[in-house]
Novice: 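My structure is below; once you've seen it, I'll send some questions.
Below, each value reflects all heavy atoms present in this structure, side chains not excepted, and no hydrogens, waters or symmetry copies.
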Amino acid sequence: MLGAKSFLCIDFGAGSLKLAEFDVGDSGALRLVRYALKPLGLAGAQDAAREGVVLRGLQELLSDKAIAARTCNVCAPGFHVFSKFVKLPPVDSSKIGQIIQYEAQQNVPFPLEEVVWDYQILGTLPSGELEVLLVAIKSDVVESLFRSAEGVGLRLELVDVSPAALCNAFRYNYGDLEGCSMLLDIGAKTSNVLFFDKGKVFSRCINIGANSITQEFAAEAKLPFVEAEKLKIAEGFVSLGGAYEEPDNPRQAAISKIARQVMTRLHIQVNQTIQFFRSQQGGTAPQRVYLAGGASIMPYTREFFQEKLNLTVEYFNPFRNIEIDPGVNLEELAKVAHAYGEVVGLGLRNPTQCPVELNLIPKSILKRQELNQKKPYFIAAAASLIIVVFIFGWFFDKLAKEKQGAIDARAPKVEGLRMKKQALDTAISSKDKSFKEAEQYAEWMSERFRWADIMTALDQALRNTENRTRRPNMRTAVWIEKMAAENAEVPEAEAQEEEENRPRPMMDIRMLMRYGLLPRGLKLTTEGGEKMDLASALASAQRGSSETQTKQATTNEISVINLTCRGLSWNKLFATADNELAYTLLRELEANSQFMAGTNGTQLAGQMEQDETTSTFKFDVKLKLAKPIKF
């Protein structure tokens with residue numbers, strides 16, 4: 001049950017647009033405030049032109065009647081609706097939804113993704129089976145109804161179908177009848193047959209309507225549909241046949257004859273429906289018939305069905321138990337009341353609980369409506385946000401001005417402090433520079449004895465090696481021929497030139513002097529022809545070594561020193577003498593705390609090279625310092 005104070009109900013029929021405004025009286029009963037009807041013509045039954053015709057018709061009705069209500073319930077046209085009564089086996093209530101879903105997939109002639117469908121459980125049969133009314137309509141049809149309503153500013157709240165709306169209207173107005181009653185609603189394109197039998201309801205849609213009369217007459221008389229429709233309404237009637245004399249007007253005679261033929265076809269379908277209702281649905285024979293729909297007022301229609309069915313036939317009055325506003329013209333209403341069954345059924349959905357309650361609004365429209373309902377709140381939230389942003393902007397602008405004023409007032413004092421800071425930063429920078437220089441000097445002071453310690457360690461290793469490898473009649477000797485840091489770089493051409501021009505004495509002068517292999521008082525002649533004693537030659541050699549070191553690339557520290565060593569070769573006397581000498585020197589170096597041992601420590605490098613001319617051999621040692629020398 002829906003709730004609203006004043007609302008519209010619209011029946012989107014195939015041939016006409018029927019509208020009524022209702023409200024709910026103080027007693028809670030439905031009251032008719034105003035109504036309107038607009039014929040749609042042939043275009044109303046044509047899908048291509050229908051939406052535009054319906055929209056224009058709605059605009060005319062709303063403007064002519066000055067209707068203020070903005071919410072509406074609508075009834076979809078019968079020729080667009082699929083309906084079927086199905087019987088379900090007695091199952092647990094939790095499984096009814098699944099079974100109905102399956103029945104919908106089996107019976108609806110369209111994919112369920114393309115339709116909106118709903119169902120109503122009407123009751124339980126004596127066999128225990130559930131009787132269910134299943135209805136479906138294509139989603140694009142409902143979307144079209146929604147666009148038409150939205151186009152004139154209406155909010156669509158409910159979409160019903162003709163059989164359900166007619167059932168609710170009939171039960172509300174004729175619920176006191178006993179026995180079986182039949183309602184025949186003759187529309188423009190289709191007709192609905194409904195049976196009401198002791199609480200039981202059954203309906204069927206027949207694809208025969210009043211437009212069939214107009215189309216056949218227009219084809220026979222070779223007239224446009226619009227003109228044929230006007231003649232049918234003005235002069236048409238249902239011929240009674242038999243001994244009744246035909247009218248003198250040939251067009252009127254043609255219309256009456258065609259009308260009887262169409263009504264006869266409709267009667268055949270109605271009669272078959274009655275037989276089906278009695279045999280398949282367990283119903284009883286109808287005791288009375290009520291006519292409804294726009295086509296039912298054609299003269300002699302009631303007499304035709306009364307003769308054919310042999311039953312009492314009356315016109316359905318959907319306003320029988322509905323309150324009527326004093327401003328409504330009752331005489332005019334009585335002329336069209338029979339066509340307002342669906343409209344009244346829609347109106348009853350708001351104040352009362354109806355026997356059949358269906359709603360075919362798609363989820364897409366519901367979501368759209370929910371969004372539209374929330375739009376005012378979104379707008380209010382956006383406006384509030386804008387106001388809050390404006391207030392914050394104004395506040396921060398004022399705060400920024402206050403801050404700027406305070407900054408400007410303190411600018412002279414800040415400038416004085418800034419100059420002091422610059423002076424302080426300069427003093428701190430000078431202090432840091434002096435501190436770093438002092439640290440460098442202290443490091444140099446601590447490192448100044450490192451070379452002396454290294455040279456002492458090398459001298460001790462050489463002496464120990466000679467002592468350990470000495471044998472009877474074999475005096476061993478080993479000395480360092482060249483020493484350079486591993487990361488020192490000497491140009492290749494210069495290194496090659498130095499190697500070629502380097503004199504190759506049998507033994508270094510210092511080593512020869514140490515072991516007394518040079519006669520005392522020996523004078524040496526330089527390349528320039530100058531003679532000097534051994535001490536001067538040794539000092540000159542040291543200066544040359546120093547000058548050579550200045551050519552080497554400077555680095556921050558030295559961790560590896562490459563030694564080129566040379567020793568007396570005794571291989572001819574002992575085959576392993578040279579190897580023993582080299583490895584003994586390596587072990588002596590590794591044993592000294594000044595140098596590193598192990599895999600990544602001091603190692604022999606390269607191959608031993610024999611020099612037959614001097615009876616010496618040369619080998620390289622990669623000397624890894626335990627503590628790098630920084631400079």
Side-chain angles (χ1 to χ4, degrees), residues 451 454-470 474 476-512 514 541 544-545 548-549 551-555 557-629:
W451 282 110
I454 290 172
M455 296 305 294
T456 300
L458 290 174
D459 180 69
Q460 184 63 40
L462 292 171
R463 292 179 181 275
N464 291 343
T465 299
E466 292 174 355
N467 292 332
R468 293 181 184 279
T469 58
R470 186 172 299 163
M474 187 182 76
T476 58
V478 61
W479 63 94
I480 298 173
E481 191 175 71
K482 183 178 179 182
M483 181 172 64
E486 185 174 84
N487 53 357
E489 297 181 359
V490 180
E492 183 178 354
E494 182 179 343
Q496 183 176 358
E497 181 181 356
E498 180 182 356
E499 181 67 20
E500 292 175 353
N501 298 331
R502 181 174 60 83
R504 296 180 178 274
M506 184 178 70
M507 190 179 295
D508 185 89
I509 294 177
R510 288 165 291 186
M511 299 304 296
L512 293 173
R514 180 193 302 175
S545 175
T548 301
Q549 289 178 359
K551 298 178 182 179
Q552 299 174 351
T554 59
T555 58
E557 66 178 27
I558 296 174
S559 60
V560 178
I561 300 174
N562 292 326
L563 302 178
T564 300
C565 301
R566 188 173 291 275
L568 291 177
S569 178
W570 293 95
N571 266 358
K572 293 181 180 180
L573 185 59
F574 297 103
T576 62
D578 295 350
N579 285 336
E580 182 181 351
L581 180 67
Y583 280 100
T584 301
L585 176 60
L586 176 62
R587 287 193 294 272
E588 289 294 331
L589 293 173
E590 290 178 337
N592 196 293
S593 61
Q594 291 285 344
F595 313 119
M596 287 182 62
T599 305
N600 297 323
T602 302
Q603 299 177 359
L604 295 178
Q607 301 291 330
M608 293 185 183
E609 298 180 9
Q610 296 289 332
D611 189 348
E612 298 294 340
T613 59
T614 60
S615 298
T616 62
F617 70 97
K618 184 178 72 172
F619 61 95
D620 296 329
V621 178
K622 187 180 292 294
L623 187 65
K624 183 69 174 290
L625 301 180
K627 179 181 178 183
I629 299 175

Novice: Please name the pair of heavy atoms, one in L581 and one in A477, separated by the smallest distance, quoted to 0.1 Å.
Specialist: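 Taking every non-hydrogen atom into account, CD2-O, 4.0 Å.
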
Novice: State the SG-CG distance between C565 and L586, to the nearest 0.5 angstrom.
Specialist: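 Answer for the SG-CG pair, C565 versus L586, is 10.5 Å.
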
Novice: Is it the case that the side chains of T476 and R470 hold a donor-acceptor pair, with the cut-off being a distance below 3.5 Å and no angle test?
Specialist: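 Result is no, nothing qualifies.
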
Novice: For T564, enumerate each residue passing the side chain to side chain contact (heavy atoms under 4.5 Å, CB included) test, keeping only those at least two apart in sequence or located in another chain.
Specialist: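 T564 satisfies side chain to side chain contact (heavy atoms under 4.5 Å, CB included) with E481, K482, K618, D620 only.
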
Novice: Extract all donor-acceptor atom pairs below 3.5 Å that involve side chains of residues 567-575 and protein atoms in other chains or at least two apart in sequence.
Specialist:
unit_1	atom_1	unit_2	atom_2	d
S569	OG	D578	OD2	2.9
S569	OG	Q610	OE1	3.1
W570	NE1	R475	O	3.3
N571	OD1	D578	N	3.4
N571	ND2	D578	OD2	2.8

Novice: In a table with atom names and distances, give each donor-acceptor pair under 3.5 Å that connects a side chain of residues 600-609 to protein atoms at least two apart or in another chain.
Specialist:
unit_1	atom_1	unit_2	atom_2	d
T602	OG1	M596	O	2.9
T602	OG1	K624	N	3.2
Q603	NE2	T599	O	2.1

Novice: Mind checking what makes salt bridge (Lys or Arg N to Asp or Glu O under 4.0 Å) contact with K627, not counting sequence neighbours?
Specialist: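 With neighbours one apart ignored, the set is empty.
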
Novice: Under 3.5 Å, is there a donor-acceptor pair linking the side chains of D459 and T456?
Specialist: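 D459 vs T456: no donor-acceptor pair found between side chains.
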
Novice: Write out all pairs satisfying ring pair (Phe, Tyr, Trp, His ring centres under 6.0 Å) with one or both partners inside residues 589-623, taking only residues at least two apart or from two chains.
Specialist: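 Output for this query lists F617-F619.
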
Novice: Applying side chain to side chain donor-acceptor pair (under 3.5 Å) to T576 and N579, what does each step give before you reach the verdict?
Specialist: CA-CA 5 Å; T576 62; N579 285 336; over 6 Å; no

Novice: Test: salt bridge (Lys or Arg N to Asp or Glu O under 4.0 Å). Region: residues 585-600. Which pairs qualify, not counting sequence neighbours?
Specialist: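 Checked against salt bridge (Lys or Arg N to Asp or Glu O under 4.0 Å) - neighbours excluded - the pairs reaching residues 585-600 are R468-E588.
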
Novice: Do V478 and T584 have side chains that approach each other closer than 4.5 Å (heavy atoms only, starting at C-beta)?
Specialist: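 Answer no - side chains too far apart.
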
Novice: Is there a donor-acceptor contact under 3.5 Å from the side chain of N467 to the main chain of R463?
Specialist: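 Indeed, once roles are kept as given, a pair shorter than 3.5 Å links the two residues.
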
Novice: Determine, stepwise, if the pair K622 / N562 fulfils side chain to side chain contact (heavy atoms under 4.5 Å, CB included).
Specialist: CA-CA 5 Å; K622 187 180 292 294; N562 292 326; 3.6 Å; yes

Novice: A side-chain contact here means heavy atoms from C-beta on lying under 4.5 Å apart; do T616 and W479 qualify?
Specialist: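 Result yes, sub-4.5 Å side-chain heavy-atom pair found.
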
Novice: For the residue pair L623 and V560, establish whether any side-chain heavy-atom pair is separated by less than 4.5 Å.
Specialist: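 With C-beta onward as the side chain, the pair stays apart.
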
Novice: Where the side chain of Q594 meets the backbone of L625, is there a donor-acceptor pair that is under 3.5 Å apart?
Specialist: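 Side chain of Q594 to backbone of L625: no pair is present.
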
